[in-house]
Peer 1: 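Quick one: the structure is below, questions incoming.
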Amino acid sequence: MKKLTESELFLYLKRKHRLDLENRKNKKRIKKVQKKTPYNSNILNLLQDNLLLKKLKHKRFRNVNIPQNFSFIDNPIDTLQIIKQLATYTRLPIKIKGISINHFNVESIDLAAETILDLTVLEMEKEIKSHNRKFELKGQYPKDKHLKRFIRAIGIVKNLDIKHELLSKDEEKDLRIFKMRNSKFFQKDNIEQSDYKENTVADFVDHINSCLISNGRELKPEAKIKLADYTGEIISNVEDHTDINEWSVVGYLDNSGETHACEITIFNFGNTMSTTLRNLPKDHYTRKVISPYIELHNKSGWFSAEWNENDLLTLIALQGDISSKNTNEQMDRGQGTVEMIDFFQQMHKECINKGKSCAKMAILSGSTHILFDGHYSMSSVNGRNVIAFNKDNDLNQMPDKKYITNLGDKYFPGTIISIRFPLQDTQTQRA
Amino acid sequence: MISTEDEISIDLKDHGGPVYAGRTKGEKVREKYKLDNADVTNVKVKITIPENTYTINSSFFLGLLGESIRKAESKDAFLNKFCFVGPEIFNSKINDYISRALHEKKPLL
């Protein structure tokens, strides 16, 4: 593949300039509004936990100990607990003055967990400061030097622009981060130009590619298409189904090792996957398609505290051709999750070719956590893409509870998709 | 847009790029070129994909052409009326999207 031509580079820079300009204008507008009314964070409202509200002691300064494994992929319950706890502090009657976030015992961390922690802290800071109160933020780095570098590069340190703690250029050169948050832009009516979502996807792909170019490699055209498809479909899905237009795309690539460790997380706040399906009227086409499945689980007595209707609806939402937007059998929606699973499966397959399998993906929507590690795959059953998470890939059977877990009273008000994989040589070529 | 009585020409570069995503946008482009009318006449449709395209997401593609594919009832009939000009790398994607639009939806169970 050729390097970017002059015209491609020009278009890329132009797009970037436009996005920066839109972001700057937006920030100015927000500041103006903030001066008038104190900020009330919708994200904190969604994340706060009413049960914790009753349990938490009323302290002005809080110490938060991050768990050893801070990951939405591998340890969703403890990870979500920390995030919800933080959000709830701001909803206690007592006025919080500050927090100390202790990463000292952390041994593994994932991008989604750290990004959502940061977002929560930033929202806390913004809300508290809008009431003209001070907010003190302290913290302790992990012992592991790689994790410390990760936190310094992506964590609160970076977001709060704590200058003396930022990575030096030399330290930063192998670690590349892409962050794009949308809470303002809706799909444009102007079809002559790319919208914010399309520009974000293009910038994201350019970003990953430029990281590789600095290491003498670049994405193959096929891998470029896959990456753009994956991110584009997920964000389109979010835009189509959410009641709140609040989504983030974060990518991270570590070029320092022999393999390029890559993580991508896309999350949004608002309707969960199950809520979207549950809210359909009884006579809706998709409701009729999924009803026999709910009926089967009901009659078979499979529903329990560990497996409820929301878990089932989240599983159904992953199946091909299932979409709340389909109103008759002629419609072709319901491919977004298929694209996403297909992307993961291809990444996973290429990892196995290298003798080991380290690609993982998780979806957390509401209280349902679904883990993908290649053990169960999506395949075509009677022309429909199906992933049933059981040995026979049969939706008539119960899914494996190791892979679909109900988190009990831990609830994320939206959906997090988190994927971790090493970029393989087969996906890249010499620049 | 260059359109004659016999041909409608859609150049995707007139609609942003290098990423084309979103059902709504696909549907709006469809409206702009009045493809519903084109489906019931003998007009041919030429779609040009720019060389620097990263992807055409299924959501955009099916928003733009899903109805036309279903009205054509077969892949051959569709490709007889709609022709695509652009990088070959997208051929398999386009074939896949056409199959998706045509495939018969079976019950979940």
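Protein chains get the first letters and strands the later ones, always in sequence-line order, with residue 1 at the start of each.
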Peer 1: Flag yes if more than 12 heavy atoms outside B:N42 fall under 6.0 Å of its CG atom; otherwise flag no.
Peer 2: no
Peer 1: Taking atom CG of A:L11 and atom CG of B:N52, what is their separation to the nearest 0.5 Å?
Peer 2: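 It is 6.5 Å, given to the nearest 0.5 Å.
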Peer 1: So for atom CZ, which belongs to A:F10, do other residues, nucleotides or ligands contribute more than 12 heavy atoms lying within a distance under 6.0 Å?
Peer 2: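 For A:F10, atom CZ is not crowded (no more than 12 foreign heavy atoms under 6.0 Å).
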Peer 1: Looking only at heavy atoms, what is the nearest atom pair of A:E233 and B:S58, with distance?
Peer 2: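 Closest pair (atom of A:E233, atom of B:S58, distance): OE2-OG, 2.8 Å.
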Peer 1: With distance as the sole test, does A:Q193 use its side chain to make a donor-acceptor pair with the main-chain N or O of B:H15 at under 3.5 Å?
Peer 2: no
Peer 1: Just grab all the side chain to side chain donor-acceptor pair (under 3.5 Å) pairs involving residues 75-85 of chain B, residues at least two apart or on different chains.
Peer 2: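 Side chain to side chain donor-acceptor pair (under 3.5 Å) check on residues 75-85 of chain B returns B:K75-B:N95.
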Peer 1: With rounding to the nearest 0.5 angstrom, report the OH to CG distance, B:Y54 to A:L219.
Peer 2: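 One gets 10.0 Å once the value is rounded to the nearest 0.5 Å.
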Peer 1: Quick one: pull up OG in B:S59 and CG in A:N237 and give me the separation to the nearest 0.5 Å.
Peer 2: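 One gets 8.0 Å once the value is rounded to the nearest 0.5 Å.
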Peer 1: Starting at CG of A:D229, measure out to CG of B:N57 and round the result to the nearest 0.5 Å.
Peer 2: 5.0 Å
Peer 1: With a 4.5 angstrom heavy-atom cut-off, which part of B:I69 approaches chain A: side chain, backbone, both or neither?
Peer 2: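 Neither the backbone nor the side chain of B:I69 comes within 4.5 Å of chain A.
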Peer 1: Suppose we screen for ring-ring contact (aromatic ring centres under 6.0 Å, His included). Which residues come up paired with A:H207, at least two apart in sequence or across chains?
Peer 2: A:F178
Peer 1: Counting distance only, does the side-chain N/O of A:S194 pair as donor-acceptor with the main-chain N or O of B:G17 below 3.5 Å?
Peer 2: yes
Peer 1: I need the minimum non-hydrogen distance between A:E192 and B:K32, along with the two atoms involved.
Peer 2: OE2-NZ, 3.1 Å
Peer 1: Between B:P18, B:G63, B:G66, which residue shows the highest count of heavy-atom pairs closer than 4.5 Å to chain A?
Peer 2: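 Max contact count across the listed options: B:P18.
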